[in-house]
Amino acid sequence: MSIQIDALRDKRGLIRDFVYETLKKNIMELRLEPGRFISEKELVEMLQVSRTPIREALVKLTQEELIATTPQKGSIISLIDLQHAEESRFARKTLESAVVREACELLGKEQVLHLQNLVSLQELCESEQNYGRLFELDEEFHKSIMIGCGRARTWGLIQQMATHDNRIRFLRLASDSDWQIILAQHRGIVRAIKEKDPDQAEKMLRDHLELVVIEKENLKQKYAKFFK
């Protein structure tokens with residue numbers, strides 16, 4: 001009996017995780033656009049699951065500020081909050097600047113090679129205009145530096161704050177196919193780490209993380225309805 005119960009619990013957990021991850025991915029990648037109303041019924045039909053995992057996912061996404069709930073209208077995909085995005089970017093810049101300096105001392109040849117391989121994959125995405133995969137590889141690039149320095153929990157903290165900022169970053173990639181500056185900055189970061197130059201590594205990282213700030217107003221004008 002316990003085995004059957006455990007198996008059922010595992011299945012429920014898998015369904016709950018599938019619903020949450022699917023909805024979050026679609027929100028982060030703007031297939032579920034900011035400001036769009038969604039209902040439990042719509043999501044049940046879309047994902048072919050019961051209402052329980054839908055409700056659990058909506059609660060979690062509300063806690064992450066990706067869903068807003070109103071008594072009269074139900075659930076809505078939250079608008080991008082520029083103030084929240086700026087706060088998360090400040091935290092990310094502060095923390096990653098410190099860690100990339102550590103990377104110049106801590107990362108070995110294999111870890112640097114991994115970063116170089118990630119940049120090569122990003123270049124392939126650039127040639128194929130695959131902005132979704134480029135965003136994933138961008139995240140993997142920064143995560144690899146953090147993990148390589150033993151800062152997994154710091155990366156987790158950054159991700160908890162990054163929901164609004166990440167949607168702006170994704171929007172930037174989707175709206176502008178000229179990604180050469182991003183790739184050049186990544187190559188510069190890797191080169192500085194390889195040459196064990198913490199000052200240059202920090203400068204390249206800060207310039208990289210400020211890129212979206214420079215283009216923020218253009219994005220806000222072009223996609224005004226997405227922003228709070």
Side-chain angles (χ1 to χ4, degrees), residues 21-22 24-31 85 88-89 91-163 165-216 218-219:
E21 294 293 343
T22 300
K24 183 170 183 177
K25 182 177 178 64
N26 278 276
I27 293 171
M28 296 304 298
E29 297 182 359
L30 305 171
R31 283 186 285 270
S88 67
R89 194 177 299 115
R92 180 171 188 172
K93 184 170 61 176
T94 302
L95 293 169
E96 285 201 52
S97 293
V99 174
V100 80
R101 296 184 70 89
E102 293 182 336
C104 294
E105 296 297 326
L106 297 177
L107 297 194
K109 291 182 179 180
E110 288 190 9
Q111 291 164 311
V112 172
L113 179 60
H114 176 61
L115 294 176
Q116 291 173 328
N117 289 338
L118 288 174
V119 174
S120 295
L121 289 173
Q122 291 167 19
E123 291 169 346
L124 180 61
C125 290
E126 195 271 340
S127 67
E128 296 181 348
Q129 297 294 289
N130 188 340
Y131 61 85
R133 181 59 178 149
L134 179 60
F135 179 84
E136 293 174 353
L137 289 167
D138 188 353
E139 287 287 275
E140 184 64 26
F141 178 83
H142 291 272
K143 179 181 178 180
S144 294
I145 295 173
M146 302 287 282
I147 299 297
C149 294
R151 303 296 185 184
R153 294 181 68 189
T154 304
W155 176 254
L157 176 63
I158 289 172
Q159 289 303 295
Q160 288 176 20
M161 298 182 64
T163 51
D165 188 35
N166 280 348
R167 284 194 289 174
I168 296 176
R169 289 172 55 220
F170 194 91
L171 190 60
R172 189 267 175 191
L173 292 176
S175 62
D176 183 1
S177 59
D178 183 10
W179 305 326
Q180 281 297 323
I181 187 170
I182 297 173
L183 300 179
Q185 289 169 337
H186 280 177
R187 285 191 290 266
I189 293 168
V190 176
R191 183 166 56 251
I193 292 173
K194 185 176 181 179
E195 295 174 356
K196 299 188 180 301
D197 185 343
D199 291 338
Q200 181 65 10
E202 181 178 356
K203 179 183 183 304
M204 293 298 300
L205 179 78
R206 285 180 172 271
D207 289 347
H208 177 58
L209 295 181
E210 287 292 333
L211 184 61
V212 172
V213 177
I214 297 171
E215 300 174 352
K216 179 178 63 178
N218 289 336
L219 292 173

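For K25, the side-chain hydrogen bond (donor to acceptor under 3.5 Å, both in side chains) test picks out E29, E136, with sequence neighbours left out. Applying the salt bridge (charged side-chain N to carboxylate O under 4.0 Å, His left out) rule to K194 yields no partners; only residues at least two apart in sequence or on another chain are considered. For the side-chain contact (heavy atoms from CB on, under 4.5 Å) test, no residue two or more places apart in sequence or in another chain qualifies with K196. Taking the salt bridge (charged side-chain N to carboxylate O under 4.0 Å, His left out) definition, one finds that R101 meets it with D199, E202, sequence neighbours left out. Scanning for side-chain hydrogen bond (donor to acceptor under 3.5 Å, both in side chains) contacts around K93 gives E210, with sequence neighbours left out. Residues satisfying the side-chain hydrogen bond (donor to acceptor under 3.5 Å, both in side chains) test with Q160, not counting sequence neighbours, are none. Applying the salt bridge (charged side-chain N to carboxylate O under 4.0 Å, His left out) criterion to E139, with sequence neighbours excluded, gives R92, R169. Partners of R187 by salt bridge (charged side-chain N to carboxylate O under 4.0 Å, His left out), not counting sequence neighbours, listed by chain and number: E123. A search for side-chain hydrogen bond (donor to acceptor under 3.5 Å, both in side chains) contacts involving T22 returns nothing, not counting sequence neighbours.
One finds the CD1 atom of I182 at 9.5 Å from the CD atom of E126 (value rounded to the nearest 0.5 Å). Taken from CG in N117 to CG in L137, the straight-line distance is 11.0 Å, to the nearest 0.5 Å. Here the CD1 atom belonging to I168 is positioned 5.5 Å from the CZ atom belonging to R89, to the nearest 0.5 angstrom. Rounded to the nearest 0.5 angstrom, D138 CG and L183 CG are separated by 9.0 Å. One finds the CG atom of N166 at 8.5 Å from the NZ atom of K24 (value rounded to the nearest 0.5 Å). Here the CE atom belonging to M204 is positioned 11.0 Å from the CG atom belonging to L209, to the nearest 0.5 angstrom.
The stretch residues 102-134 participates, sequence neighbours left out, in these ring pair (Phe, Tyr, Trp, His ring centres under 6.0 Å) pairs: Y131-F170. Each salt bridge (Lys or Arg N to Asp or Glu O under 4.0 Å) pair with one or both residues in residues 105-119, not counting sequence neighbours, would appear here, but there are none. The side chain to side chain donor-acceptor pair (under 3.5 Å) pairs that include a residue from residues 145-155 are E102-R151, where partners are two or more places apart or lie in different chains.
In plain terms, the two heavy atoms of V190 and Q116 that are nearest each other are CG1-CG, 3.5 Å. When all heavy atoms of A103 and I193 are compared, the pair lying nearest together is O-CG2, 3.7 Å. Of all heavy-atom pairs between V99 and I145, the closest is CG1-O, 4.2 Å. What you find for A201 and C104 is that their closest heavy atoms are CB-SG, 3.7 Å. The minimum heavy-atom distance linking W179 with L173 is given by the pair NE1-O, 3.2 Å.
Judged purely by atom type and a 3.5 angstrom limit, S97 has no side-chain atom pairing as donor or acceptor with the backbone of T94.
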**Study point:** Stepwise side-chain contact (heavy atoms from CB on, under 4.5 Å) check, K203 with D207
**Key:** CA-CA 6 Å; K203 179 183 183 304; D207 289 347; 3.0 Å; yes
Check your understanding: Checking side-chain contact (heavy atoms from CB on, under 4.5 Å) for the pair L115/H186: CA distance, chi angles, key distance, verdict?
Key -> CA-CA 9 Å; L115 294 176; H186 280 177; over 6 Å; no
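With a 4.5 Å cut-off on side-chain heavy atoms, H208 and E96 do not count as touching. Between I158 and M146 there is a side-chain heavy-atom pair separated by less than 4.5 Å. Side-chain contact check for K143 versus L118: every heavy-atom pair is 4.5 Å or farther apart.
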